[in-house]
Amino acid sequence: MNTQTIEPQAPETQERHVLTITVDNEAGILAKIAGLFTARGYNIDSLTVADITDNHEVSRITIVTHGPPSIIDQIRAQLERLVPVHKVVDLTEIGPYVERELALVKVAGTGNTRVEALRMADIFRAKVVDTTTSSFVFELTGSPDKIDSFVALMKELGLVEVGRTGVVGMVRGETAA
Amino acid sequence: MIDVSTQRSGAEILVESLVAKGVEFVFGYPGGAVLPIYDALFGDERIRHILVRHEAGAAHAAEGYARATGKPGVVLVTSGPGATNAVTGIADAFMDSIPMVVITGQVPTGLIGTDAFQEADTVGITRHCTKHNYLVKDANELATIVDEAFHIATAGRPGPVVIDIPKDVQIATARWTGQVNQRRTRYAPQTVAPADDIARAVALIAAAEAPIFYTGGGIINAGPEASRRLRDLQRLTGAPVTSTLMGLGAFPAGDPAWLGMLGMHGTYEANMAMNKADLIIALGARFDDRVTGRLDAFSPNSLKIHVDIDRASINKTVRVDLPIVGDCAVVLDQMIEAWLAAGHSAADLTDWNARIDGWRARKSLAYPDRGNEIMPQKAIERLYDLTRAHDPVISTEVGQHQMWAAQYFHFHSPNKWLTSGGLGTMGYGLPAAIGAQAGLPDRLVIDIAGDASIQMNIQELGTATQYRLPVKVFVLNNEWMGMVRQWQELTYESRYSNSYSDSLPDFVKLAEAYGWKGIRITTMDELDAGIQAMIDHPGPVFVDCLVVKEANCYPMIPSGAAHTDMILYGDDVAGTMDDAAKALV
């Protein structure tokens, strides 16, 4: 038998995409979506989900993923064929859109570092949602980049703990995507 | 109008809902968590329950029934092991797009999550091998869910749907009116393609100098009308036709435009034509790795049109130039209309056909003669010749015999060929034949099997006996897991690790023990008479046909090779592959 050497094809460039998925709010839907990503080897950078209707029948999932364009296209097609999925919108594709993430950041310290942390928080428009004489919990909303920057700065000022929601996104303008 | 609304138990509503869906057969096995349903079925003449011997057999029988009749198959099994035993068949149906509704019992709602006796998380386990699944929490939802499940299983790209019903929901009463509530799901796949895509497609076909139709199981799933339309469009365009394993029968094997199956064990002419074509028209096929071989060498110079009802199948492995989402029968109809409306006429394909004739002349399906020993290929050829007047339904297990059946048994119409293509499930063939025979009681149904595969669900011999189903099993017995042995010969220097079928039973005696007729064929001069005796016997027959042990299945594209690198019989091929090639499957 011939031995074959497979020439690797030039890798496609990796792209970051924000997808919003509107789904029936049924038991197991999150496992179904998350499981699709793991079973097919797709990446999940962040995933958020909550129901968005009064009667709790519809949820909106926001997934941040990355991969080559052909895989991003496959992800969308695979999601769209799931029975409980109403709609998949690739915000990155259709743009322009806004994306926001919320973080809670706990910082402990006294003296100058404590004052400096509060000053930084003010610059970032973070809110203080809890305090003791030696700590703050800041609430910060913004793009993931902004939160990354804030967390990086807090590392030098007594960072204790970070909690992040993951991204939610929405297309700009007056209509739904 | 008389108000027929009454309070009925969940189990009764289930049975009424199945009857309302036109279900004739349920393939199943009882157990604790489905006893209320079995009680509701008791004495009901409208649905025939086929009691299998193992739940795997129930799922494959339902698949065989569905594939042979075009109607969805229905399975009924209990919770826990009943459901997990059915999972292989569910996964098989998912891969091969077989419409199937699987009803599983579940422990009572209050016990879910407590590790109760025979509890398994059936919806969790089947989540990724079903098209959709349900856990029914309220008997009032049952009728709607059953209606929805049949819709989802059959619409668009067909597939299996699981309905998991806790025992207390089967017992609880609810209102049954005979009317089904509005479906909740909006599931409505696109079936009609945009007119300008169709116009572009037919223009490409009309302009092509070396076109080829590459057809798959989607044509079969789209119904017999799709096969007729394919023949019509082929006649208009003159383009040759090849098919995947799953698509055999959509185009008649006797037609001069037929190239045979393509792919790993496809014909030389089919694979060369795919490689050299300037236009591939893929219809209900999914560019599976068995078909494409080495992807970067797959049909490098062709434009590709891909028609599929599943958008996710398009551009999955091979980038295509014109994607068309739609139902094959509808799209073929649209193409024919557009072709005629545009006044296209078949291009002059003389040069292309001459090249194809050159490839045909390689006679890639030729194999050596072994005198009075039976070559397995010869056994299939004789089986085909002697049974063709009966237009039989053929099922297979998985392995060499499956490929030989695909190569040497020729199919002329759809729904005659039942095989596990995607998942490759050994043990599929016997229960599938039983399911097909249940649906088509007067048809000759033959499971072409191997000595290893047949043992995977051999307990189903009893099912055929019980229901007097006259299925035939034709085993090509080479005392090996033949395809494993072949790969070990070709890629592991003949180190035959665990591929020998040791301690085989005496199949004739085994068959007789189950009340079947057993026939053993050992030499060429017994072959025709043995096959004829099998056909002539009115009941189930098990044929143990002893064939040349070391015969290999050729032509073969080695794993990870290009279509142009085929091995034919007589080529010197022994050796060891490098690790990269060994890693391919």
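In what follows, chains carry the letters A, B, and so on, assigned in the order in which the sequence lines appear, proteins first and then strands, with residues in each chain numbered from 1.
- At a 4.5 Å heavy-atom cutoff, the contact between A:Glu80 and chain B is made by side-chain atoms alone.
- The environment of A:Glu156 atom CD is sparse: at most 12 non-hydrogen atoms of other residues, nucleotides or ligands sit within 6.0 angstrom.
- The 12-atom threshold is not exceeded at CG of A:Asn112, counting heavy atoms of other residues, nucleotides or ligands nearer than 6.0 Å.
- Panel note: side chain B:Lys316, backbone A:Gln74; no donor-acceptor pair is recorded below 3.5 Å.
- Other residues, nucleotides and ligands place no more than 12 heavy atoms under 6.0 Å from the NZ atom of A:Lys106.
- A:Lys32 and B:Thr130 get closest at one heavy-atom pair: NZ-O, 4.2 Å.
- Using a 4.5 Å heavy-atom threshold, the side chains of B:Pro189 and A:Arg81 count as separate.
- Neither the backbone nor the side chain of B:Leu135 comes within contact range of chain A; no heavy atoms are under 4.5 Å apart.
- The shortest heavy-atom contact between B:His128 and A:Leu36 is CE1-N, 3.8 Å.
- With a threshold of 4.5 angstrom between heavy atoms, A:Ala39 does not approach chain B through any atom at all.
- A 6.0 Å sphere centred on CZ of A:Arg125 holds no more than 12 heavy atoms belonging to other residues, nucleotides or ligands.
- Rounding to the nearest 0.5 angstrom, the gap separating the CG atom in B:Asp310 from the CD atom in A:Gln78 is 7.0 Å.
- Here B:Ala312 is the residue among B:Ser313, B:Gly124, B:Ala312 with the most heavy-atom pairs under 4.5 Å with chain A.
- Using a 4.5 Å cut-off between heavy atoms, A:Leu82 makes no contact with chain B at all.
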